[in-house]
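Report on the structure given below.
The chains referred to below are lettered A, B, ... by the order of the sequence lines, with proteins before strands, and numbering in each begins at 1.
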Amino acid sequence: MYDDMVTARYYEERLQEEYLEGKQPAFDISAGPIPGELHLAAGQEAAAAGVCQHLRDDDVVTAPHRPHHIAIAKGVDLKRMTAEIFGRETGLSGGKGGHMHLFDPDVHFACSGIIAEGVPPAVGAGLAAKKRNEDSVAVAFLGEGAVDQGAFLESLNLAAVRDLPVAFVVEDNDWAISMPKDRVTDVEDASQRADGFDLPGRRVDHDDALAVYDAADEAIGRARHRNGPTLLEVQTHRRMGHFMGDPEGYRPEEDQEAAAQRDSIESLSEDLRDRDIDRETLGEIESEAQERVDEAIEWAKEQPEPEPEDAYDDVFVNPPSGVTDSEPDHTLAGGDD
Amino acid sequence: MAQQERDQAVDRELTMSRAMVEAIAHEMREDEEVFYMGEDVADYGGIFDSTEGLLDEFGHDRIMDVPISETAYVGAAVGAAQEGMRPIAELMFVDFFGVGMDQIYNQMAKNTYMSGGNVSVPMVLTAAVGGTYNDAAQHSQTLYGTFAHLPGMKVVVPSTAYEAKGLMHNAIRDDDPVVYLFHKRLMGIGWLPAPDGPKTPVPEEDYTIPFGSADVKREGSDVTIVTLGLHVHRALDAAEDLDDDGVDAEVIDLRTLVPLDTETVVESVRKTGRLVVVDEDYRSFGVTGEVVSRVADEALDDLEAVERVAVPDVPIPYSRPMENEVIPDGEDIKAAVEATE
Ligand SMILES: Cc1ncc(C[n+]2csc(CCOP(=O)(O)OP(=O)(O)O)c2C)c(N)n1
């Protein structure tokens, strides 16, 4: 778990460096080696690692627009994920998806950039497992801003009424872009929403990574043993802007400072030392993680970009002839032609 | 007034977002019933600066941050509008329309008709459209055609600050639902540099641009290029290049899709005989097909050649070489014009 957390943190620090290249001095989102938006999850690692520790490769995870820490904890191929973020041909989606849309079928991982819309497919995965009498489970991750979305509430109900093997994991980092929770909901704890669907809701503090681990054990265990869905909320802290380049003009400085002081990686490292795991062992875990990340980033950067024409592939698995116009035909109309 | 005269009469230039905001502020001062709601529109000022500065003057009651619940707040705008208020609801990216689509096309667009004209829905739905910055398939669509296809919504697409302001005044005053689609690349935001064109002189006072009046952005005699939004600027660039090659292109900015000014387009085609329609939306069942078929209906005999330039029928890919391939640029427009020769 510590391994996943430090890998995710270091990975995003490196991505951040790479992302800013070419975007300075004047920030231009479409410049540099990593194009498009980039949402980083520094400070939220324990939520992903604590939950995914309990998962197998055949368990399904759906992630939202802030997916890297979850993907790493779920065991998504780090090299191919990085190549995807750099928009390269050997990326997970051949450069079609990008950082918000990572798909790794080998470990049953998928993403969506549309808020809460990754949640219903997780319920569908739970439904499939139940219908086939398999003991795999599904986990949908979402932010606290996403819990006001119909898709989430409808999914809670469907999973509850069908007793599906699903865990809903809300990462509450207090902010949805510029909107603090208290301006958009009167319900302080998202876990309370479970009450309305008669399913268990549980809230844990991210500062205590082991508590996250234990709570997830319970939620995933319930799903695995066919005892139905759980709503698990993890209180985290947003250490950075919503996306890279977010000036955060809306955010009080005290809030930023408070978030920066809470770090579950540091507190887990202290915890582990209290449990007689020496500094050296932790150091080894950290340097191995860094090596893995550096290697993935170097590899990704050496990968070729896709050919422009690759854009026309994959609209369908079974393309009907004549549907995708790779070379729009020149239609001449009228006159004497 | 022609564009040139207008430019000379006004010495102040605005970005497209400033021009939009100016119109909204004006209407909000004039009419207590106008209010704006959306995600990150208050303290943030809109992710694309669409409400920048409005919070200071109007406060959180009239510039409302709402939960991430598109069905609820777009539908709430419909309900408030039916009670006679004049809400503006913003979808941050048009791609999020699916979440609130029932409220858009079964409620907002149909209630006037289904009530036999007894109910009106005087609201504006604003949304950012467009790609060209590698944000992949869920954040880069243009979808002009989707809204124009479904009856009951007026659809407007500004290409410059001048249009942005005039069309916004109309949109808010109109008693019907208006979908106002602004291209991210035109807004003049720091992190998404705009081309030169959209920043234009804008009069201080309020003014309207009638819906259904296309604008001839460049006169020419050899070929008619019909387009809208960002691609007005790409077409103008292509026209400059073509001019060097001795081809004199006329560039028409549609400005509104519903209603569509077929007359201006047909008149131009009668003069040039060659038609190229350019759109950043998907090719099939979209704007390009509609314009071509209207011209064919009215002026088939004058039509010597037709080309369509649009996004081939694929979702917008993330990676740069592929995105560049599918989103039309000046070169694609030039090639299409050349293909009509
Ligand atoms: C349906 C939809 N509406 C709006 C957005 C724009 N958007 C992207 S992230 C975000 C905030 C999400 O907040 P939260 O769920 O708390 O996650 P966090 O970003 O804090 O991790 C919004 C509004 C979107 N992607 N999809």
To the nearest 0.5 Å, tell me how far [X] [atom1] sits from [Y] [atom2].
X        : Y        : atom1 : atom2 : answer
B:Trp191 : A:Ile29  : CH2   : CD1   : 5.0 Å
B:Glu39  : A:Met179 : CD    : CE    : 5.0 Å
A:Tyr250 : B:Tyr44  : OH    : OH    : 6.5 Å
B:Glu325 : A:Tyr312 : CD    : OH    : 3.5 Å
B:Ile68  : A:Leu142 : CD1   : CG    : 10.0 Å
B:Asp135 : A:His99  : CG    : NE2   : 7.5 Å

For [X], which atoms come within 4.5 Å of any heavy atom of chain B: side chain, backbone, both, or neither?
X        : value
A:Ile115 : side chain
A:Ser112 : both
A:Ala116 : neither
A:Ala26  : neither

*Would B:Asp43 and A:Arg183 pass as an ion pair if we require N to O under 4.0 Å?*
yes
With a 4.5 angstrom heavy-atom cut-off, is it the side chain or the backbone of [X] that approaches chain A, or both, or neither?
X        : result
B:Arg185 : side chain
B:Glu70  : both
B:Met92  : side chain
B:Ser140 : neither
B:Leu275 : neither

_Results of ring pair (Phe, Tyr, Trp, His ring centres under 6.0 Å) for A:His242 - residues two or more places apart only_ = A:His39, A:His65
_With a sphere of 6.0 Å drawn around CD of A:Glu188, does it hold more than 12 non-hydrogen atoms of other residues, nucleotides or ligands?_
no
Under the 3.5 angstrom rule, does the side chain of [X] hit a backbone N or O of [Y] as a donor-acceptor pair?
X        : Y        : value
B:Ser319 : A:Lys96  : no
B:Asp40  : A:Ser178 : yes
A:Ser30  : B:Tyr133 : no

*Count the heavy-atom pairs under 4.5 Å between each of A:Pro35, A:Gly87, A:Gly36 and chain B, then report the option with the highest count.*
A:Pro35
*Mind ranking A:Glu84, A:Glu307, A:Gln149, A:Arg251 by heavy-atom pairs under 4.5 Å with chain B and telling me who comes out on top?*
A:Gln149
Tell me, do [X] and [Y] make a side-chain contact under 4.5 Å, heavy atoms counted?
X        : Y        : result
A:Pro308 : B:Met322 : no
A:Val184 : B:Val66  : no
B:Pro67  : A:Thr185 : no

*Per the side chain to side chain contact (heavy atoms under 4.5 Å, CB included) rule, which among A:Glu305, A:Glu309, A:Glu89 passes with B:Pro321?*
A:Glu305
*asked:* Checking an interface table here. Which of residues 93-105 of chain B come within a heavy-atom distance under 4.5 Å of chain A?
replied: B:Phe93, B:Asp95, B:Phe96, B:Val99
*asked:* As an exercise: rank B:Ser69, B:Pro317, B:Ala42 by heavy-atom pairs under 4.5 Å with chain A and give me the winner.
replied: B:Ser69
*Tell me yes or no: between the side chains of B:Gln138 and A:Glu117, is some donor less than 3.5 Å from an acceptor?*
no
